[in-house]
Amino acid sequence: MSAPHNPAAPLRPLPDEAPLAMPVQRLHGNPPGAIEVRTQPHGMAVKRLLLILLTAVIGLAASSELRFTFSRDGLDPLEIVLLLFFVPLFSWIAFGFVSSAIGFINLMTGEHPGFTAVPSPASTLRHRVAVLMPVYNESVEAVFARVEAMARSIDDAGGAPWIDFFVLSDSTELQGRREEAAWRALAARAPIPVYYRRREKNTARKPGNIAEWVQRFGGAYECMLVLDADSMMSGKAIVGLASIMEARPSIGLLQTVPMIINAHTWFQRWMRFATEAYGPIASAGLLWWSGSEANFWGHNAIVRTRAFAQSCGLPELPGKAPFGGHILSHDMLESALLRRRGWAVHMVMIGGSYEEYPPTIVDHAIRDRRWMQGNLQHLRLLGSSGLHWASRLHLLIGASAYLTSPGWLLLVLATIARVVSDAGTGVAGVAPPSVLGLTLVLLFGPKVLGMIWLLANRERRQGFGGALTALRSFLVEVTLAVLYAPIAMVNQTRALLGLLLGISSGWTTQAREARRISIREVVPDLREHLALGTLFAALFAFDPPTAIWLLPLTIGLLASPWFVSLTSAVGARLAPGSLFTVPGPELDAPDSDEDTLADPPLAPGATGDRSSF
């Protein structure tokens, strides 16, 4: 048992070191020994088999219909190419639909209450917990405002005797001096210990930052709660997660599902509405089939320190960047390595967990490119020895998410080539109406199910501004999503081509400040979008039915400069009943002593932990 914090202790930059060995893991050869998983939910094999079978049935039905249409006059090479692209892409969206549909059924039938409160008995804590916030050239004022808000919230929840806060900086020297000054001012008045450390060499980025802390200080802390620089969590959530880790010693990691805060631009508000309206059914479905083999998203999660040190020392991949070197998307591999050792990895849907979202489509594309590079590295890790097959599935899903956009673009281009090569075929001859209809159901079905769940409860409807406001927001959100889809498709295709040419994404500070992007500013970055939109529009001269079929893509691409600019606009603070209203207050990063960090409204009737372990 660790000793609790002494509030009278003098101000110190860092506590006494408590080294913890973190050996580099071998990804090939005989896997290490594993402990017994004691929190595996019942019936996981049946659940996962059902998920896979339903996905396969939908995918086979659509692909068979397409194959029958093609084979009436024999399959030509172009039709074979179409089938090769269609089957995995259709199965991908079928998997997402089935998972969300299962989550919808669970929420509607009460099998899972959605976002719930977690019991926060600080009196049950017996071991020290460290809250880690890695930063890299972030806004000093915003970072330490968040740190202060969380420190006070932890104290209010009764966790002060057991919880320390670390700001782990990888910032440049000049920025580091500003951070240290802000830390000194905060640490002197904070109700819990707040420490600050800056690395001179930021080797391996965030995973290297965390690993260095584990090797120096990890031995003094049973658990570490890992944040991002834009993360916030309430004291009740932090203490509650720590209490669960105390009660269930075989759990290695608990991942929360953060909600979006600081939504100032229309892009952020649109994403926040989509997250809160459709996210619960997707999260409930993911939780249903993940069990004790859930994923790690790298932040807003609590990790057992000795389990992490024992399991998660990351090797470098052979070869050069972008696909070799340090593993960028470390989190998903770390959860797989924890599970390989037998530590359970669970996801929990609780209140009080937040993160920010990129303010504009441009900023989102920059972050997305970095994530793409890291996730595509996972393709090299699928054959790692000893991984649970569900962990391999998570790695494959993460990598596949960045291959689907180029796949859809190639499928569209192959379809156009097929129609143009046989002028009498038409779009219906390539993609039967039944397949097109089913595709629309799978793409938009999760959104519709999310809205049904939202409207089914009076309290939820009021949280979204009432039924009429929620429906208006839904219609606008779907329209924006249709226009945005081709923009994202080209963004990801261009990013993939860059990576294949050996251009690494680098490591830049994430832009978090809202700003209006002018049309003139963004046009040079959208040349490929405009060129492809022009190509689609030119089809009206050759095959009007195909051009009409492609009209949503054409409009989205040709309007992309205006779309990016308009969605970057900063709107006035939302009034009740406004478009994209979501439950709870407009929670911003606190900037004064009077600000508090509270939990949002939870699912009606939720009173305690209803997680699946």
Side-chain angles (χ1 to χ4, degrees), residues 139 142 230 260-277 355-372 402 405-406 408-409 412 447 469 472-498 505-506 508-538 550-575 578-582 586 588:
S139 166
D230 62 350
I260 295 174
I261 56 169
N262 289 357
H264 298 298
T265 66
W266 283 109
F267 180 66
Q268 290 173 315
R269 290 179 174 178
W270 160 28
M271 291 294 114
R272 183 179 63 177
F273 172 83
T275 298
E276 301 223 12
E355 65 174 338
E356 290 185 2
Y357 202 82
T360 69
I361 292 175
V362 172
D363 298 311
H364 181 271
I366 293 171
R367 187 186 74 171
D368 212 38
R369 190 183 192 280
R370 186 170 66 249
W371 285 5
M372 172 185 282
Y402 291 99
S405 285
W408 283 113
L409 178 57
V412 169
K447 295 178 184 287
T469 298
R472 285 196 302 117
S473 299
F474 168 71
L475 292 175
V476 173
E477 193 282 326
V478 169
T479 302
L480 292 176
V482 170
L483 294 174
Y484 178 52
I487 300 174
M489 177 177 68
V490 177
N491 284 345
Q492 291 191 346
T493 302
R494 184 172 61 182
L496 178 61
L497 291 175
S505 62
T508 57
T509 303
Q510 177 70 54
R512 307 193 194 279
E513 297 299 321
R515 73 191 192 284
R516 177 68 182 265
I517 300 176
S518 68
I519 295 174
R520 179 178 297 180
E521 179 185 355
V522 78
V523 163
D525 292 326
L526 296 173
R527 287 171 296 190
E528 296 89 347
H529 303 68
L530 296 172
L532 187 61
T534 302
L535 173 65
F536 290 165
L550 293 173
L551 200 55
L553 302 183
T554 306
I555 295 173
L557 293 169
L558 293 180
S560 57
W562 292 268
F563 189 85
V564 172
S565 179
L566 290 173
T567 56
S568 72
V570 179
R573 206 168 174 85
L574 287 181
S578 299
L579 198 66
F580 297 145
T581 296
V582 297
E586 295 260 327
D588 289 342

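Keep in mind that the numbers below use all heavy atoms, side chains included, and drop hydrogens, waters and symmetry copies.
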Taking [X] for its side chain and [Y] for its backbone only, find out whether a donor-acceptor pair lies under 3.5 Å.
X      : Y      : value
Arg370 : Arg367 : no
Gln268 : Tyr357 : yes
Ser578 : Thr581 : no
Arg269 : Ala263 : yes
Thr567 : Trp266 : no

Is any side-chain heavy atom of Leu557 closer than 4.5 Å to a side-chain heavy atom of Leu530? no
I want to check something: taking the side chain as every heavy atom from C-beta on, are Val476 and Phe273 in contact at a cut-off of under 4.5 Å?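 No, side chains not in contact.
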How long is the straight-line distance from [atom2] of [Y] back to [atom1] of [X], given to the nearest 0.5 Å?
X      : Y      : atom1 : atom2 : answer
Ser565 : Ile519 : OG    : CD1   : 5.0 Å
Ser473 : Leu480 : OG    : CG    : 10.5 Å
Met271 : Thr265 : CE    : OG1   : 9.5 Å
Ile361 : Leu566 : CD1   : CG    : 9.5 Å
Ile261 : Glu356 : CD1   : CD    : 5.5 Å
Glu528 : Ile487 : CD    : CD1   : 13.0 Å

Pairs satisfying salt bridge (Lys or Arg N to Asp or Glu O under 4.0 Å), at least one member in residues 473-483, at least two apart: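 Output for this query lists Lys447-Glu477.
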Applying salt bridge (Lys or Arg N to Asp or Glu O under 4.0 Å) as the test, list every pair that has at least one member in residues 516-526; sequence neighbours left out. none
Can you list everything that forms a ring pair (Phe, Tyr, Trp, His ring centres under 6.0 Å) with Tyr402? Sequence neighbours excluded, please.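 Here no residue qualifies.
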Can you list everything that forms a side-chain contact (heavy atoms from CB on, under 4.5 Å) with [X]? Sequence neighbours excluded, please.
X      : answer
Pro406 : Thr493, Leu496
Leu553 : Val412, Pro486, Phe536, Leu550
Ala365 : Asn491
Leu535 : Leu532

Holding to side-chain hydrogen bond (donor to acceptor under 3.5 Å, both in side chains), I want the full list of residues that pass it with Ser560, two or more places apart in sequence or in another chain. none
Looking at residues at least two apart in the chain, or sitting in another chain, which of them share a side-chain hydrogen bond (donor to acceptor under 3.5 Å, both in side chains) with Ser568? none
Take Val362 and Val564, measure what side chain to side chain contact (heavy atoms under 4.5 Å, CB included) needs, and give me the verdict at the end. CA-CA 8 Å; Val362 172; Val564 172; 3.9 Å; yes
Should His529 and Arg494 be marked as a side chain to side chain contact (heavy atoms under 4.5 Å, CB included) after you check the CA-CA gap, both sets of side-chain angles, and the distance that decides it? CA-CA 10 Å; His529 303 68; Arg494 184 172 61 182; 4.0 Å; yes
Check whether the ring centres of Phe267 and Trp270 lie less than 6.0 Å apart, and answer yes or no. yes
Grab the two heavy atoms, one from [X] and one from [Y], that are nearest each other, plus how far apart they are.
X      : Y      : result
Gly533 : Leu558 : C-CD2, 3.6 Å
Ser405 : Ala488 : OG-O, 4.3 Å
Thr360 : Arg515 : CG2-O, 3.8 Å

Candidate pair Tyr484 and Met489, rule side chain to side chain contact (heavy atoms under 4.5 Å, CB included), full reasoning: CA-CA 9 Å; Tyr484 178 52; Met489 177 177 68; over 6 Å; no
